[in-house]
Amino acid sequence: GDEAVPFSVGEKLTYQIFWGPFVVGRAALEVTGIEPVDGHDCYHLVAKAKTSGLVEWLFPVDSTAESWLDREGLFSRHYHENRTEGKHHRKTDTHFDYAAKETVTINQVNGHERRTPLNQHVLDVVSSLYCVRTQKLMLDAEQSMIINSGETNYTVNIRPDLRKTMWVRPLGDVPALRIEPTPTLDVISANNGHMWFWISDDLRRLPLLVNSELKFGNAKLVLFSLKPGKPSAETTNKPTDSVESAPLITNGGTLASER
């Protein structure tokens with residue numbers, strides 16, 4: 001239930017997108033509501049990104065990804081993506097049917113449908129970020145999760161490898177942990193790059209910064225504004241340290257706050 005997560009309905013995180021020193025767009029992560037999927041309550045998560053200014057004219061990007069994260073089990077039940085990058089358009093709808101043990105992905109551009117076996121709980125690229133926020137992250141402790149992307153399931157490892165205090169506009173100085181997921185996104189690996197996430201090392205576990213270093217430049221998403229979610233009746237007066245971790249595999253490590 002809600003006592004297991006550091007986010008709630010109404011939370012909205014807005015980011016500025018940088019290419020080098022230039023602001024080239026905005027992105028947002030939002031928990032828009034709780035909706036049923038296959039008879040189970042799910043957090044409806046929405047991630048948006050859109051370019052602006054000169055980049056919008058040269059190479060427009062307009063992306064909306066929606067995820068439905070099971071409220072109790074913290075795994076994905078549905079995922080929808082509508083993305084335009086330059087002249088390329090992708091629109092897919094994915095249903096994780098655990099009862100039938102299959103993933104059904106429909107390409108809504110050409111109508112193609114693909115069914116693949118589903119033998120375990122999975123996450124998508126949006127819900128995985130929220131699931132990481134439920135973990136008691138530790139320096140040098142590796143955890144793994146199964147993420148579905150492009151009709152394929154990947155085992156992705158995360159390991160906080162650095163802790164420091166960083167300044168972000170809406171919060172001021174915040175202790176933060178750096179995480180580099182492996183394997184990384186195809187576009188990152190194809191360009192011999194690296195991608196790091198910085199997450200606040202506190203009970204909120206807010207994604208503060210995403211830094212991608214590529215051979216042809218540097219892209220960043222930097223937290224610009226924060227709208228807190230509404231506390232629910234279930235979470236009021238409950239200690240935050242009663243957070244239950246999602247079912248990820250953890251291998252050793254030291255509590256980050258102890259370093």
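Keep in mind that what you see is a predicted model, and the values were worked out from it rather than measured.
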Revision key, fill the gap. The residue among Asn107, Thr105, Val104 that forms side-chain contact (heavy atoms from CB on, under 4.5 Å) with Glu113 is Val104
Exercise for review: Quick one: do Arg90 and Glu81 satisfy salt bridge (Lys or Arg N to Asp or Glu O under 4.0 Å)? Show the steps, please.
Suggested key: CA-CA 7 Å; Arg90 174 184 173 88; Glu81 184 178 52; 2.8 Å; yes
Review point. If Ile, Leu, Val, Met, Phe, Trp and Tyr residues are connected whenever their side-chain heavy atoms lie under 4.5 Å apart, and connections chain through other members, are Ile179 and Val156 in the same group?
Key: yes
Review point. Does a side chain donor of either Asn153 or Asn148 reach within less than 3.5 Å of an acceptor in the other side chain?
Key: yes
Practice item. Check whether any side-chain heavy atom of Leu221 lies under 4.5 Å from a side-chain heavy atom of Asn211, and answer yes or no. Key: no
Exercise for review: Identify the heavy atoms of Lys50 and Ile17 that sit nearest to each other, and give their distance.
Suggested key: O-CD1, 4.3 Å
Check your understanding: Any side-chain heavy atom of Leu171 within less than 4.5 Å of one from Leu223?
Key -> yes
Check your understanding: If we only count heavy atoms from C-beta on, is the Asp93 to Tyr79 side-chain gap below 4.5 Å?
Key -> no
**Study point:** Exercise: identify the closest heavy-atom pair between Leu139 and Asp161
**Key:** CD2-C, 3.9 Å
Review point. Linking I/L/V/M/F/W/Y whenever their side-chain heavy atoms sit closer than 4.5 Å, directly or via other members, would Tyr154 and Phe197 fall into one cluster?
Key: yes
Study note, to complete from the structure: residues 94-108 vs salt bridge (Lys or Arg N to Asp or Glu O under 4.0 Å), sequence neighbours excluded, gives Glu102-Arg115
Check your understanding: What do the steps show when you test Leu45 against Ser127 for side-chain contact (heavy atoms from CB on, under 4.5 Å), and what is the final call?
Key -> CA-CA 7 Å; Leu45 313 172; Ser127 63; 4.3 Å; yes
Exercise for review: Say whether Ser67 and Asp124, considering side chains only, have a donor N or O and an acceptor N or O under 3.5 Å apart.
Suggested key: yes
Practice item. Could you tell me the separation between the OG1 atom of Thr92 and the CZ atom of Arg114, rounded to the nearest 0.5 Å? Key: 13.0 Å
Point to revise | Heavy-atom closest contact (Tyr98 atom, Ser76 atom, distance) | key: OH-O, 2.6 Å
Review point. Roughly how far apart are Ile199 CD1 and Gln135 CD, rounded to 0.5 Å?
Key: 10.0 Å
Exercise for review: Show the numbers, then the answer: is there a side-chain contact (heavy atoms from CB on, under 4.5 Å) between Ile34 and Val9?
Suggested key: CA-CA 7 Å; Ile34 294 175; Val9 174; 3.7 Å; yes
Point to revise | Heavy-atom side-chain contact between Arg83 and Asp62 under 4.5 Å | key: no
Check your understanding: With Asp70, which residues qualify under side-chain contact (heavy atoms from CB on, under 4.5 Å), at least two apart?
Key -> His40, Glu72, Phe75, Arg77
Study note, to complete from the structure: The ring pair (Phe, Tyr, Trp, His ring centres under 6.0 Å) partners of His78 (sequence neighbours excluded) come to Trp68, His95
Practice item. Go through His89 and Asn82 one step at a time and tell me if the side-chain hydrogen bond (donor to acceptor under 3.5 Å, both in side chains) criterion holds. Key: CA-CA 8 Å; His89 184 213; Asn82 188 1; 2.8 Å; yes
Review point. Cluster question for you: counting only ILVMFWY and a side-chain heavy-atom cut-off of under 4.5 Å, with indirect links fine, are Val23 and Val222 together?
Key: yes
Practice item. Looking only at non-hydrogen atoms, find the nearest pair between Arg133 and Arg204 and report the distance. Key: NH2-O, 3.1 Å
Practice item. Assess Lys220 against Trp19: is NZ or CZ under 6.0 Å from the centre of the six-membered ring, and within 45 degrees of the ring's axis? Key: no
Exercise for review: Would you check, one step at a time, whether the test side-chain contact (heavy atoms from CB on, under 4.5 Å) holds for Leu162 with Leu177?
Suggested key: CA-CA 6 Å; Leu162 182 64; Leu177 290 168; over 6 Å; no
Study note, to complete from the structure: d(Lys87 NZ, Thr84 OG1) to nearest 0.5 Å is 13.5 Å
Check your understanding: Heavy atoms, side chains only, cut-off 4.5 Å: are Phe96 and Val122 in contact?
Key -> yes
Practice item. Using side-chain contact (heavy atoms from CB on, under 4.5 Å) as the criterion, list what pairs up with Thr155, not counting sequence neighbours. Key: Ser144, Ile146, Asn157
**Study point:** Pairs where residues 13-32 contributes a residue and the test salt bridge (Lys or Arg N to Asp or Glu O under 4.0 Å) is met, not counting sequence neighbours
**Key:** none
Point to revise | Any Met166 side-chain heavy atom under 4.5 Å of Trp198 side chain | key: yes
Practice item. Would you indicate whether the side-chain heavy atoms of Leu74 and Leu69 approach each other to under 4.5 Å? Key: yes
Point to revise | From CA spacing to verdict: side-chain contact (heavy atoms from CB on, under 4.5 Å), Leu206, Leu13 | key: CA-CA 9 Å; Leu206 294 167; Leu13 311 175; 4.0 Å; yes
Exercise for review: Find out whether Gln143 and Met138 are in side-chain contact, i.e. whether some heavy atom of one side chain is under 4.5 Å from a heavy atom of the other.
Suggested key: no
Check your understanding: For Pro175 and Arg163, which heavy atoms make the closest approach, and how far apart are they?
Key -> CB-NH2, 3.4 Å
Point to revise | Shared hydrophobic cluster, Leu137 / Val168 (ILVMFWY, side-chain heavy atoms < 4.5 Å) | key: yes
Practice item. Give a yes or no on whether the backbone of Arg205 and the side-chain of Ser200 come within a donor-acceptor separation of less than 3.5 Å. Key: yes
Practice item. Indicate whether any N or O donor in one side chain lies under 3.5 Å from an N or O acceptor in the other, for His44 and Glu35. Key: yes
Exercise for review: Locate the shortest heavy-atom distance separating Lys48 from Thr64; write the atom from each residue and the value.
Suggested key: CG-OG1, 3.8 Å
Point to revise | NZ on Lys230 to OG on Ser8, rounded to 0.5 Å | key: 9.5 Å
Exercise for review: Following the transitive rule for hydrophobic clusters with a side-chain heavy-atom cut-off under 4.5 Å over Ile, Leu, Val, Met, Phe, Trp and Tyr, establish whether Val210 and Val55 coincide in one cluster.
Suggested key: yes
**Study point:** Thr51 side-chain N/O to Pro60 backbone N/O, donor-acceptor pair under 3.5 Å
**Key:** no
Exercise for review: For residues Phe7 and Tyr130, establish whether the separation of their ring centroids is below 6.0 Å.
Suggested key: yes
Revision key, fill the gap. Between the CG atom in Leu203 and the NZ atom in Lys136, the distance rounded to the nearest 0.5 Å is 9.5 Å
Review point. Got a sec, which residues hit ring pair (Phe, Tyr, Trp, His ring centres under 6.0 Å) with Tyr15, two or more places apart in sequence or on another chain?
Key: none
